[in-house]
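A quick write-up on the structure given underneath.
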Number of protein chains: 2
Amino acid sequence: MATSPWRELLQQAMQSHKHLKHSTHLQLATVRPDGRPANRTLIFRGFVEGSDKLQFTTDSRTHKIEDIKHSPFGEICYHFTNSWEQFRIHGTLDLIGHADYESARKSLREKAWFDSSPRARAAFAAPHPGHPKGSEPSEGNLQVDPNQGPLDTFCVLTLDPEEIDYYHAKDAVRILFKSSTTEIGHKVWSQQELNP
Amino acid sequence: MATSPWRELLQQAMQSHKHLKHSTHLQLATVRPDGRPANRTLIFRGFVEGSDKLQFTTDSRTHKIEDIKHSPFGEICYHFTNSWEQFRIHGTLDLIGHADYESARKSLREKAWFDSSPRARAAFAAPHPGHPKGSEPSEGNLQVDPNQGPLDTFCVLTLDPEEIDYYHAKDAVRILFKSSTTEIGHKVWSQQELNP
């Protein structure tokens, strides 16, 4: 697969910020069931192999699950703090949870689980995120058997990008990348330079 | 006015990050007229005097204006990169533009204009942001007379917070702050510790 034109810009930005621990942190906006926006930081886990989909992990007990069931659209704001580059990545979200038995999706979720650190895995065994503290019995130091497969609360979240609004504040460059689908079903990208 | 309990946490986080140029950068999510989310980086310009409202500046020609006219709700994700603290600030957005003649709002907008740098002011005279580059005549080096009042494109944007979801990842602390209004119209805050 040819690399999408915006991916090269994103990879350059990631490369130039990789010495910063926060360089994989980005913000994902969704729409709540009541029609209001929600926004939170996620850690970018790379692209799903052989695709342009951005990959994340999340807990099935968080509010974003309800948001996505109600409206599958998301917009990422990926802001690079040193170069003042911003990627606004708009697309469709897809959740892969424990009841997903389709072979490729099941494998993707298992791989993501075993790629996670022991500490990250333990969080999925913690008391219900967002519930009042102390309302559930505490387990003390949470540990997950390193050979155990994904806990039920563990989900993979992907975003399939449709449009990327790239802005480099220092260079005053703004480029809009848009995807479309050809007659034979291939995704192709067009790009246009915009006023910043 | 007593300081709202979450403001102390926010001010501490800002103080401990003030050596970083990006410490005033945050992400604002809105909902587009088509019901999909939007997300972008803004610069926090401080609180509106005598209130809890967060203040920003923006250009009347950007898409967020349409979003806000359609749905006035916004959620800020203010992520502090060194301490891994996150403030999700949910509330109502309000735009103050050139046709706003109410005295206090007019003064607020004028003050925000004169508090802006010459470079920031010049951006409001630039070609239409988001239009194809070269589609409008370029003005060369844009300059705005330093004594001139706000250009028509200059807007103040405020967010009146209703709920703040504070999360300190390193300390595994999460606190939800909620506002309510008393019988005599005072805004009061309650807080509850949540599972992270």
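Just so we're on the same page: letters track the sequence lines, and every chain starts at 1.
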Within a radius of less than 6.0 Å around [atom1] of [X], do more than 12 heavy atoms belonging to other residues, nucleotides or ligands occur?
{"X": "B/His19", "atom1": "NE2", "value": "yes"}
{"X": "B/Lys106", "atom1": "NZ", "value": "no"}
{"X": "A/Glu49", "atom1": "CD", "value": "no"}
{"X": "A/Lys170", "atom1": "NZ", "value": "yes"}
{"X": "A/His63", "atom1": "NE2", "value": "no"}
{"X": "A/Glu8", "atom1": "CD", "value": "no"}

Atom of [X], atom of [Y] and distance for their closest heavy-atom approach:
{"X": "B/Ala38", "Y": "A/Arg88", "answer": "CB-NH2, 4.0 Å"}
{"X": "B/Gly35", "Y": "A/Ser71", "answer": "O-OG, 4.5 Å"}
{"X": "A/Gly74", "Y": "B/Pro37", "answer": "CA-CG, 3.7 Å"}

Among [options], who wins on heavy-atom pairs under 4.5 Å with chain A?
{"options": "B/Tyr167, B/Trp84, B/Phe73, B/Tyr78", "value": "B/Phe73"}
{"options": "B/Leu176, B/Leu20, B/Thr41", "value": "B/Thr41"}
{"options": "B/His128, B/His25, B/Lys21", "value": "B/His25"}

Heavy-atom contact with chain A under 4.5 Å, split by part of [X]:
{"X": "B/Leu28", "answer": "backbone"}
{"X": "B/Gln192", "answer": "side chain"}
{"X": "B/Gln86", "answer": "side chain"}
{"X": "B/Arg61", "answer": "neither"}

Going from NE2 on A/His131 to CG on B/Leu194, what distance comes out if it is rounded to the nearest 0.5 angstrom?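 That separation rounds to 9.5 Å.
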
Starting from [Y], can I reach [X] by hopping between I/L/V/M/F/W/Y residues whose side chains sit under 4.5 Å apart?
{"X": "A/Leu159", "Y": "A/Trp189", "answer": "yes"}
{"X": "B/Ile43", "Y": "B/Met14", "answer": "no"}
{"X": "B/Leu54", "Y": "B/Ile96", "answer": "no"}
{"X": "A/Leu95", "Y": "A/Phe44", "answer": "yes"}
{"X": "B/Leu108", "Y": "B/Phe47", "answer": "no"}

May I ask you to name which of A/Glu193, A/Arg174, A/His90 has the most heavy-atom pairs under 4.5 Å with chain B?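 Option with the top pair count is A/His90.
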
Checking heavy atoms, do the side chain of A/Thr30, its backbone, both or neither come under 4.5 Å from chain B? backbone

Residue A/Pro132 versus chain B: region with a heavy atom under 4.5 Å: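 Contact with chain B involves both backbone and side-chain atoms of A/Pro132.
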
When you check the gap from the basic side-chain N to the acidic O, do B/Glu162 and A/Arg36 get nearer than 4.0 Å? yes

Salt-bridge present (B/Glu75, A/Arg40; N to O < 4.0 Å):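 Here B/Glu75 does not pair with A/Arg40 in a salt bridge, since their nearest N and O are not under 4.0 Å apart.
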
Where does the angle between the aromatic ring planes of A/His22 and B/His22 fall among parallel (under 30°), tilted (30 to 60°) and perpendicular (over 60°)? tilted

Could you check whether any side-chain N or O of A/Asn39 sits under 3.5 Å from a backbone N or O of B/Gln27, counting only pairs where one atom can act as donor and the other as acceptor?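 Looks like yes, one N/O pair under 3.5 Å.
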
